Structure formats: C-alpha cells, structure tokens
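Since we're looking at a predicted model, the values are computed, not measured.
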Amino acid sequence: MLLDRADRDVYNARLLISPTGNPDNDELIDDIAAYHVQQGIEKALKYALFSIGGLDETSRTYRTHSIPTLIDLVQENCGFTVPERLILASNDITGWEANSRYGEDPVAMRDEIMEAIEMYEELKQVDRNPIGFRRWVSVNNKRV
C-alpha cells in the first residue's frame with residue numbers, strides 16, 4: 001500500500017506539470033508537483049525499509065522527511081544501492097517537502113521536477129537494484 005501511495009504521488013506530480021494540469025505555467029502548481037515527487041520518493045524509500053529491510057515501521061527513527069537519511073538507511077539495511085543522481089539531489093528534494101508549502105519563492109523548476117520523477121522510476125527498476133521493489137513484492141507476495 002505504501003508503494004501504491006508513492007506511485008499516486010508521482011502520478012499527481014506528472015499531471016500537475018503537464019500542459020493540461022498547468023496550462024498557465026503557474027509556479028505554485030509546480031511547487032505542489034515538487035511536493036508530490038518528494039513524497040513519492042520518501043514513501044518509496046520507507047517502503048524499502050519496512051518491506052525489504054524488515055525494519056519496524058513504528059520506530060520513530062524512520063519518521064523523517066530527510067531523503068539523505070532514508071537513503072543511508074536503505075543502503076545499510078536493504079541490500080541495494082540507490083542511484084547516484086538521487087543521492088546527489090537528495091538534499092534539494094528534501095527541501096521541497098516544507099518549502100513548497102511555506103516558502104515564498106518557487107522551490108523547483110519544471111525540468112528539475114521531471115528529473116526527480118525519472119529518479120523515482122530509476123529507484124524502482126528491478127534491473128538497477130539487485131532486489132528491486134516490485135520484484136520483491138511478487139516474490140514474497142506481500143504489500144505494505
């Protein structure tokens with residue numbers, strides 16, 4: 001269920017940055033899209049921690065919005081490496097969570113949001129990760 005929610009967040013981001021979702025190129029709508037991408041990446045990493053890494057989702061240790069922290073935890077506990085470009089962009093993407101809701105200036109340009117969407121998809125690719133999100137689900141017949 002958590003990965004499904006992540007997929008929905010990223011779907012909403014795609015919709016919001018599309019010509020039909022944002023025909024006037026409104027920067028505030030782009031900020032909402034940035035927020036949804038950040039949430040999708042965060043939820044996908046938490047999915048890995050709880051489902052693949054077997055970590056307890058009730059622990060306060062994992063109640064963070066910090067993408068770099070979640071990446072470190074995933075790499076330590078889940079047996080695969082997060083794509084390098086997500087690691088490099090993780091601090092900026094983390095900032096989208098709060099800044100998109102409270103900041104005065106736009107948090108991300110549309111091309112940055114599109115790139116983050118691509119990073120999300122890379123994170124889930126079975127052939128990039130030895131375990132892979134969807135493959136793990138099908139092998140273990142389990143959803144979170």
Side-chain angles (χ1 to χ4, degrees), residues 1-18 20-22 26-144:
M1 180 120 106
L2 190 58
L3 193 56
D4 291 334
R5 289 182 184 273
D7 284 339
R8 286 184 192 113
D9 275 319
V10 174
Y11 172 83
N12 286 327
R14 278 192 183 101
L15 180 62
L16 289 169
I17 62 171
S18 72
T20 55
N22 189 359
D26 185 329
E27 291 175 338
L28 293 176
I29 292 175
D30 286 348
D31 278 0
I32 296 167
Y35 170 80
H36 280 290
V37 174
Q38 184 281 335
Q39 287 290 288
I41 291 170
E42 177 183 328
K43 288 172 187 170
L45 291 167
K46 287 179 178 179
Y47 168 85
L49 286 171
F50 307 144
S51 298
I52 299 168
L55 302 178
D56 181 8
E57 65 185 278
T58 62
S59 171
R60 297 203 57 79
T61 304
Y62 312 110
R63 293 190 185 188
T64 180
H65 298 291
S66 171
I67 302 298
T69 299
L70 292 169
I71 287 171
D72 289 345
L73 290 167
V74 163
Q75 292 190 143
E76 291 169 15
N77 294 285
C78 297
F80 62 88
T81 302
V82 172
E84 183 68 21
R85 71 181 189 150
L86 178 55
I87 294 169
L88 294 173
S90 63
N91 282 315
D92 290 338
I93 294 170
T94 294
W96 296 356
E97 190 270 329
N99 295 337
S100 63
R101 294 181 292 152
Y102 306 115
E104 294 292 321
D105 296 322
V107 298
M109 303 304 292
R110 190 168 290 182
D111 61 333
E112 294 171 309
I113 298 166
M114 290 169 47
E115 187 174 356
I117 291 170
E118 291 171 8
M119 288 182 235
Y120 172 81
E121 295 300 336
E122 286 175 13
L123 182 62
K124 292 183 0 176
Q125 285 180 2
V126 172
D127 60 344
R128 284 285 294 235
N129 301 316
I131 296 175
F133 290 96
R134 293 287 184 196
R135 180 169 161 232
W136 188 90
V137 170
S138 65
V139 168
N140 291 284
N141 196 23
K142 188 175 182 179
R143 293 294 275 217
V144 170

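Contact detail for N91 and P68: the closest heavy-atom pair is OD1-CG, 3.2 Å. What you find for A13 and A33 is that their closest heavy atoms are CB-O, 3.4 Å. Residues W96 and Q38 come closest through the heavy atom pair CB-CB, 4.2 Å. For the pair V82 and Q75, the tightest heavy-atom approach, listed with the atom from each and the gap, is N-OE1, 2.8 Å. Nearest heavy-atom pair, I67 versus S90, reported as atom, atom and distance to 0.1 Å: CG2-CB, 3.6 Å. Closest heavy-atom contact between A48 and C78: O-SG, 3.3 Å.
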Carefully, step by step, assess I17 and N22 under the rule side chain to side chain contact (heavy atoms under 4.5 Å, CB included). CA-CA 6 Å; I17 62 171; N22 189 359; 5.9 Å; no
Please walk me through it: do L123 and L45 pass side chain to side chain contact (heavy atoms under 4.5 Å, CB included)? CA-CA 9 Å; L123 182 62; L45 291 167; 3.9 Å; yes
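With values rounded to the nearest 0.5 angstrom, L16 atom CG is found 7.0 Å from I29 atom CD1. The line from OG1 of T64 to CD of E42 is 7.0 Å long, rounded to the nearest 0.5 Å. The CD1 atom of I71 sits 8.0 Å away from the CD1 atom of I41 when rounded to the nearest 0.5 Å. Rounding to the nearest 0.5 Å gives a distance of 6.0 Å between CG of L15 and OG1 of T20. In this structure, N12 CG and I32 CD1 are separated by 10.5 Å, a value rounded to the nearest 0.5 Å. If you take CZ on R110 and CG on D30, they are separated by 4.5 Å, rounding to the nearest 0.5 Å.
Remark: D92 pairs with no residue by the side chain to side chain contact (heavy atoms under 4.5 Å, CB included) rule, at least two apart or across chains. Every residue meeting the side chain to side chain contact (heavy atoms under 4.5 Å, CB included) condition with P106, not counting sequence neighbours, appears here in chain and number order: E27, D31.
At distances below 3.5 Å, not a single donor-acceptor pair connects side-chain atoms of T94 with backbone N or O atoms of S66. Between the Y120 side chain and the D7 main chain, a donor and an acceptor come within less than 3.5 Å of each other.
Applying the salt bridge (charged side-chain N to carboxylate O under 4.0 Å, His left out) test to pairs two or more places apart or on separate chains, none has a residue in residues 68-82.
Contact check for I93 versus L86: side-chain heavy atoms found under the 4.5 Å cut-off. You'll find the side chain of H36 stays beyond 4.5 Å of the side chain of R8, heavy atoms only. Using a 4.5 Å heavy-atom cutoff, the side chains of L2 and K46 are in contact.
Of the residues K124, E118, M119, the one that meets the side chain to side chain contact (heavy atoms under 4.5 Å, CB included) test with E121 is K124.
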